Amino acid sequence: MSGDGAKPEALVQFERGVAAAFARWTAVQIAVREQFAGRGTEEVVRELMVRCAQLATRERAPDEDALAAEMY
């Protein structure tokens with residue numbers, strides 16, 4: 001890593017993959033279209049994508065109960 005704050009290419013590619021999976025997820029598409037979380041539904045989905053990527057790239061295994069609480 002160059003120390004300039006740039007993300008490693010592998011992380012960038014992983015985040016793109018997470019975004020692609022969410023984009024193809026039918027339940028997410030319906031939730032956004034129908035605004036299940038109100039006008040901020042798209043932001044909620046973006047935050048969930050970021051959180052999933054963060055949890056997946058941590059060195060420790062995520063706390064399953066904490067993750068479930070965030071998703072519900």
Side-chain angles (χ1 to χ4, degrees):
M1 206 150 112
S2 61
D4 61 2
K7 292 181 184 179
E9 182 61 24
L11 180 56
V12 170
Q13 293 298 323
F14 180 76
E15 289 173 344
R16 286 181 184 156
V18 170
F22 271 74
R24 286 183 287 231
W25 192 354
T26 304
V28 172
Q29 293 172 359
I30 293 169
V32 170
R33 184 179 63 235
E34 300 298 326
Q35 295 187 341
F36 286 176
R39 291 183 183 189
T41 302
E42 288 185 48
E43 181 61 26
V44 169
V45 171
R46 278 192 293 276
E47 289 175 14
L48 183 58
M49 285 190 299
V50 168
R51 187 73 177 122
C52 286
Q54 287 172 342
L55 287 171
T57 57
R58 290 184 357 180
E59 290 184 25
R60 289 185 325 152
D63 176 10
E64 292 176 9
D65 293 330
L67 179 59
E70 285 187 42
M71 294 180 76
Y72 294 103

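Keep in mind that what you see is a predicted model, and the values were worked out from it rather than measured.
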Closest non-hydrogen contact found for Phe36 with Ile30 is CZ-CG2, 3.7 Å
Between Val12 and Lys7, which heavy-atom pair has the shortest distance, and what is it?
CG2-CB, 3.8 Å
Candidate list Gln35, Arg33, Glu34, test side-chain contact (heavy atoms from CB on, under 4.5 Å), partner Thr41, passing option
Gln35
Suppose we screen for side-chain contact (heavy atoms from CB on, under 4.5 Å). Which residues come up paired with Phe14, at least two apart in sequence or across chains?
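Checked Phe14 against side-chain contact (heavy atoms from CB on, under 4.5 Å); matches are Val18, Ala53, Ala56, Thr57.
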Contacts under 3.5 angstrom, residues 42-50 side chains, donor-acceptor by atom type, not counting sequence neighbours:
residue	atom	partner	partner atom	Å
Glu43	OE1	Arg46	NE	3.3
Glu43	OE1	Arg46	NH2	3.0

Which residues satisfy the side-chain hydrogen bond (donor to acceptor under 3.5 Å, both in side chains) test with Gln29, sequence neighbours excluded?
none
